[in-house]
Protein chains: 2
Amino acid sequence: MNAPLPRDPIADAQRNWERHGWGDVAAPMAAITAIMRTQQILLARIEGALKPFGLTFARYELLALLSFARSGALPMNKASALLQVHPTSVTNAVDRLEKAGLVVRSQHPTDGRTTLIELTAEGRTLAKSATAVLNTEVFSQSGFADRDVDQLIRILGDFRRGAGDFSE
Amino acid sequence: MNAPLPRDPIADAQRNWERHGWGDVAAPMAAITAIMRTQQILLARIEGALKPFGLTFARYELLALLSFARSGALPMNKASALLQVHPTSVTNAVDRLEKAGLVVRSQHPTDGRTTLIELTAEGRTLAKSATAVLNTEVFSQSGFADRDVDQLIRILGDFRRGAGDFSE
DNA sequence: GCAATATACTAGGACATCCAAGGGTTTGGA
DNA sequence: TCCAAACCCTTGGATGTCCTAGTATATTGC
């Protein structure tokens with residue numbers, strides 16, 4: 001962990017942008033850069049909390065998704081769509097989860113192209129434990145004020161809708 | 001590009017959290033997940049805009065940082081600190097930028113441990129072009145309302161300070 | 001019914017990030 | 001003075017993400 005910088009590097013970048021004649025886009029640039037950095041910080045915290053479980057965030061997300069599915073099983077393509085990641089990323093995650101005995105692949109009953117991912121009992125237990133740790137160690141101490149959390153959900157929700165993530 | 005989902009998957013996740021007794025952390029969970037997804041969308045846009053230049057975002061950030069340095073040169077460790085990435089990531093980026101003729105490594109005049117990274121003329125030109133495209137194609141059409149941009153800068157700035165990024 | 005098109009998953013490759021470890025250089029205290 | 005500790009960069013390995021192709025299965029249209 002590095003020592004804090006004396007000054008905010010993103011605010012510096014914003015000033016540089018303004019100084020070089022890009023004042024009209026300096027603010028969005030700073031906001032976007034801040035999102036990049038914030039994501040990086042949060043991801044590191046999450047990965048740290050999950051490490052004792054032998055899970056990464058990508059694998060945890062898949063486990064959590066499955067644990068909320070009624071039947072405990074989902075087609076790969078459904079998981080890819082809901083997690084909003086590339087199909088090959090799901091293949092990768094399932095490979096490792098399967099090797100760890102947390103999920104199993106099975107054939108879709110009617111569509112021969114489709115592979116179902118299903119939680120094992122072990123996977124379900126681990127998902128529950130990991131969720132509890134994540135909630136108490138990361139989400140409950142996010143570092144955001146309650147009011148800011150609501151603002152973020154609203155602002156980023158608008159953005160994601162505008163970007164075509166969902167229609168609703 | 002996938003078709004929009006009928007419903008916001010993050011709002012669904014938030015409901016799942018509440019339904020399973022984690023209502024007190026459901027909102028921060030949703031906010032954090034939204035940051036993850038937003039970062040992914042923005043990164044994809046940025047990478048798309050930079051692709052014609054043969055640059056990735058990581059390499060562009062380094063070029064831009066150097067172009068704002070008075071002397072056009074920075075020690076590797078300084079770049080690592082300002083970009084807030086691991087030293088090995090800087091090594092990786094410099095390797096590729098150097099191979100592309102956009103930067104050169106040189107010895108520090110007094111400290112034998114330190115390596116300086118310096119922009120070439122070509123690198124400086126490319127940085128300028130790439131910045132112009134990024135500004136007009138991404139930052140000027142961020143998809144955030146002006147008021148929301150200010151909110152984001154403030155909220156994420158508070159967060160980053162709290163996370164120890166800077167003291168100021 | 002059959003060929004053309006669409007869909008689902010996987011294999012291989014390019015990149016980026018982090019961690020752990022190693023070799024060279026400086027600094028600072030005994 | 002001199003050696004241990006601190007610092008700087010690089011190498012090698014693990015992960016994750018995306019893209020492009022390739023194989024297999026479904027669906028559609030004639």
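The sequence lines fix the lettering, A, B, ..., with proteins before strands; numbering per chain opens at 1. Values in this document were obtained by computation on a predicted structure and should not be read as measured data.
If you take CG of Leu43(B) and P of dC18(D), they are 10 Å apart, rounded to a whole angstrom. Note: NE2 (His86(B)) to C1' (dT11(D)) measures 13 Å, nearest angstrom. Nucleotide dA24(D) holds its P atom 14 Å from the CD atom of Gln107(A), rounded to whole Å. Look at CG on Leu83(A): it is 13 Å from C1' on dG16(D), rounded to the nearest Å. Note: NZ (Lys78(B)) to P (dC7(D)) measures 15 Å, nearest angstrom. Spacing between atom NZ of Lys99(B) and atom P of dT10(D) amounts to 13 Å, rounded to whole angstrom units. Between Gln39(B) atom CD and dC18(D) atom C1' there is a gap of 13 Å when expressed in whole angstrom units. Atom pair Met36(B):CE and dG16(D):C1' shows a separation of 13 Å (rounding to whole Å applied).
Counting heavy atoms from C-beta outward, Leu134(B) and Met29(A) have side chains that stay 4.5 Å or more apart. Between Asp24(B) and Ser140(A) the shortest side-chain heavy-atom distance does not fall below 4.5 Å. With a 4.5 Å cut-off on side-chain heavy atoms, Thr38(B) and Arg160(A) count as touching. Side chains of Asp150(B) and Phe144(B) form no contact here, defined as non-hydrogen atoms less than 4.5 Å apart.
Around the CZ atom of Arg7(A), the shell of radius 6.0 Å holds no more than 12 heavy atoms that belong to other residues, nucleotides or ligands.
Nucleic acid contact class of Asp111(A) (heavy atoms, under 4.0 Å, all strands): sugar-phosphate only. Contacts of Ser80(A) with the nucleic acid, taken as non-hydrogen atoms under 4.0 Å apart, are absent. Counting non-hydrogen atoms under 4.0 angstrom, Gln40(A) reaches the backbone sugars and phosphates but no base. At the heavy-atom level, Thr114(B) lies under 4.0 Å from the strands shown only through sugar-phosphate atoms. Using a 4.0 Å heavy-atom criterion, one finds that Asn92(B) contacts the bases of the nucleic acid, with or without backbone contacts as well. Across all strands shown, Thr115(A) has heavy atoms under 4.0 Å from sugar-phosphate atoms exclusively, and none from any base. Across all strands, Thr56(A) comes closer than 4.0 Å only to sugar-phosphate atoms, never to a base (heavy-atom distances).
Nucleotides of DNA chain C that come within less than 4.0 Å of any heavy atom of chain A span, from the 5' end to the 3' end, dT7(C) to dC18(C).
Minimum atom distance to the side chain of Ser89(A) is reached by dC18(D), of the listed dA6(D), dC18(D), dC9(D). With dG16(D), dC18(D), dT11(D) as the choices, the nucleotide that has an atom nearest any side-chain atom of Arg59(A) turns out to be dG16(D).
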Can you give the donor-acceptor pairs under 3.5 Å from side chains of residues 43-54 of chain A to other protein atoms, not counting sequence neighbours?
{"residue": "Arg45(A)", "atom": "NH1", "partner": "Ser142(A)", "partner atom": "O", "Å": "3.2"}
{"residue": "Glu47(A)", "atom": "OE1", "partner": "Phe57(A)", "partner atom": "N", "Å": "3.4"}

Side-chain donor-acceptor pairs of residues 90-98 of chain A under 3.5 Å, sequence neighbours excluded:
{"residue": "Thr91(A)", "atom": "OG1", "partner": "Pro87(A)", "partner atom": "O", "Å": "3.4"}
{"residue": "Asn92(A)", "atom": "OD1", "partner": "Arg96(A)", "partner atom": "NE", "Å": "2.7"}
{"residue": "Asp95(A)", "atom": "OD1", "partner": "Arg105(A)", "partner atom": "NH1", "Å": "3.1"}
{"residue": "Asp95(A)", "atom": "OD1", "partner": "Arg105(A)", "partner atom": "NH2", "Å": "2.9"}
{"residue": "Glu98(A)", "atom": "OE1", "partner": "Arg105(A)", "partner atom": "NH1", "Å": "2.7"}
{"residue": "Glu98(A)", "atom": "OE2", "partner": "Arg105(A)", "partner atom": "N", "Å": "3.0"}

Item to check | Steps toward salt bridge (Lys or Arg N to Asp or Glu O under 4.0 Å) verdict (Asp12(B), Arg15(B)) | outcome: CA-CA 5 Å; Asp12(B) 282 351; Arg15(B) 277 187 284 274; 2.7 Å; yes

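Of the two residues near DNA chain D, Arg113(A) and Glu61(A), the one whose nearest nucleotide lies more 5' is Glu61(A). When the nearest nucleotides of DNA chain D are assigned to Asp95(B) and Gly112(A) by heavy-atom distance, the more 5′-ward of the two goes with Asp95(B).
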